[in-house]
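Labels below follow one simple rule: chain letters A, B, ... track the order of the sequence lines, proteins then strands, and each chain is numbered from 1.
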Amino acid sequence: MRTRTLIGLATLALCTGAQAQKSTADGIAEYRKMLEDGNPAELFEAKGEALWSQKRGPKNASLEKCDLGQGPGVVKGAFVTLPRYFPDTQRVQDLESRLVTCMATLQGFDAAEIAKTPFGRGEMANVTALATWIAASSRGMRFNLPQGNAAERESYEVGKRAFFYRGGTHDFSCASCHGEEGKRIRLQDLPNLTKNPGDGIGFAAWPAYRVSNGQMWSMQLRLNDCFRQQRFPYPGFGSEVTIALATYMGVNAKGAESIAPAIKR
Amino acid sequence: MKKLRLLAGGTLAAALLAGCATGPSPAEMDAKANQLIKSSFRDQGIAKTDRLAQDLGQSACSSDKAPDDATADKIMAEALFTVKWPAGGQFIGDWRTGERLAQDGRGMTWTDNSTDPKSNGGNCYNCHQIDKKEISYGTIGPSLWNYGKNRGITDPAAPATAPIVQYTWVKLWNSKAYSACSNMPRFGHKGLLDEQQLRDIMALLLDPKSPVNQ
Amino acid sequence: MQTRREMLARSATVAGLLAAAGFLPTSALAAWPQAAFDAKTLADAVKALGGSAPVESKDVSITGPDIAENGAVVPLGCATTLPGVKRLLLLVEKNPNVLAAVFNVTDAIETNLSTRTKMGQSSNVFAVAMMGDGKVLYAAKEIKVTLGGCGG
Amino acid sequence: MADPMRIRAQAAGDKTTVRVLMSHEMETGQRKDSAGKVIPAWFIQEVTATHNGKTVLTADWGPSISKNPFLQFVVKGAKAGDKIAITWVDNKGDKRTDEATVS
């Protein structure tokens, strides 16, 4: 009798101990939850929406006739089908490079000049805001990139090779961090991008507001900074490798629900 | 009806075959991808485009398939050959400096100013658990908590511990000596950390007084 | 070309954000409580706002995460169920200047406010209620700030 | 000019929860640029909230409030159709006011 009571007490103590000691993962999950309500990406979304219909540039025109792949002016649903092949430019384009094409053809901006502008500055900041709003317009929709065109299939194949390409001082490739399930850098979970990593994860989460520096990060900037951390040289904005990688990740994410713009560490 | 479907299937297969015949072969794709990768990057600060030139270990480990055994053996043998032993046979430095290096993830990016190892960190906690007190650690590599203790190291200078001490040095100097496609950077071989910095990380892992071995 | 802004964004660690030494600029607003925002301790901040010595109270609550993945943004909330509150404050003990926010409340709102603050390192955070009757009550909570990312 | 705020004001019963996001650098004045020069402090110092024109809250902020600040509070008695306006003033004297309708 006495023994049983003692065991009972011991079990109780164990349970309360386990409850009191919240795991690190739970703590981080709680922190992320707290930030979800009130994602500053909304500020960039609002800016992008205003920019879309505003008459700007040398031609004093809006972007309302821009074709993002769903026909002129159609924004909803465009994000989850990009990158794709565009007959007018005869190349596969991602959202940002396509926006620059529209800003050049419709508004008269200098595309090369925009591509050279650092992230967060001048017209590049506007491209990011526009991409944020356009992504948000497909929130809740599922990725379904077209692969019907030979150029789109080739983009995927190039992207796959770029994903596994090792180089730099540290021998890293994209796959060093994103080729396996359930890995982390520090406390950050690393999605496996060689397959569909799930709803709202990886390709389906960017553009995202970065808490660490208070910046809105587009996919181009996300890839740019991955290459920086990989100790690679500098990838050009809208370069073949960045678009091919987006095609590879986007096709792999087929069926994943987009939550972009997300909020990230 | 059944015949019709078969016919349709045949046409589709023929079309697919034709498509395959005109598309690039995997080898052509490889060449094209390599060329597109190279043309997509430019120099920025200390990060020059020569970083895209691959040695055997990099090129053979650049796909979702592991290299064949002969290639892997060659990579490992060449890697082992590159290892330089520390001056005076002194393997162990200061674990406190080692811990600082392990915490530091900086160095060699285009926003860093110098390629001098003195300006680099070891990046260790990005991928490994080391001191248990640090809760923010990565899991790409195995846990290194109790690294020395688990291997029975009570005196890293004792002759009996030499195999483990040397193994650890080789792993840090050129990880590819033991695993052809290891994810771990080649800290000594690529000049990411100097001899003294490597000694300090050795101490973090092997010194019985290091918090790692408590 | 690398811009100053890019450089900053990338090189600034959270510790750097809040590096010690430094001073607050003169206010553009006459009413902004400069002395309180210069204070280094909870007691000094409250004193600069004309309050008495703060007393810990379970009637005041502070909400925040146990662990912050990033010190640049730490969600904090302060609340009390007591009537007669004049001001609610949020403070971070180990920041170079402890006071983060002063909320001058009215009867038209609930005494329950949330915002987000920077934290240079793991630290106690405080919610303070300055009452109409001169009492100053507070609650404390410890928040751990972790190191994240690739560290570069 | 500063970018607009995002204000969401949602009524539930006789209470309205107001969530505000402001676009601001919130520079602490304690960081240095790559050349080692201190970046001057630039942050929102005062925030005022009104309900149908009547002030319900004022706040004084220091530079340790996060970049692109977030503020949440609950207004008693506000109902759908009412106006909630937020004004901020920063240490350079810049100011911005935005208004939202309670839904």
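Residues from residues 98-108 of chain C that place a non-hydrogen atom less than 4.5 Å from a non-hydrogen atom of chain D comprise C:L99, C:A100, C:A101, C:V102, C:F103, C:N104, C:V105, C:T106, C:D107, C:A108, given in numerical order.
Atom NZ of C:K118 sits about 6.0 Å away from atom CE of D:M26, to the nearest 0.5 Å. C:I109 contributes atom CD1, which lies 4.5 Å from atom CG of D:L57 (distance to the nearest 0.5 angstrom). Here C:R116 contributes atom CZ and D:L21 contributes atom CG; the two are 6.5 Å apart, rounded to the nearest 0.5 Å.
In terms of heavy-atom pairs under 4.5 Å with chain C, the best-connected choice from D:S66, D:G62, D:A78 is D:S66.
For C:V92, no part lies under 4.5 angstrom from a heavy atom of chain D. Using a 4.5 Å cut-off between heavy atoms, D:T16 does not touch chain C at all.
Side-chain N or O atoms of C:T115 include one that pairs as donor or acceptor with a backbone N or O of D:F70 at under 3.5 Å. Side-chain atoms of C:W32 do not come within 3.5 Å of backbone N or O of D:N91 as any donor-acceptor pair.
With sequence neighbours excluded, the residues that form a ring pair (Phe, Tyr, Trp, His ring centres under 6.0 Å) with D:H24 are D:W42, D:W88.
Using a cutoff of 4.0 Å between basic side-chain nitrogens and carboxylate oxygens, D:K76 and C:E110 are not scored as salt-bridged.
The minimum heavy-atom distance linking C:N97 with D:Q30 is given by the pair OD1-NE2, 3.4 Å.
The neighbour count for D:K15 NZ, taken as heavy atoms of other residues, nucleotides or ligands under 6.0 Å away, does not exceed 12.
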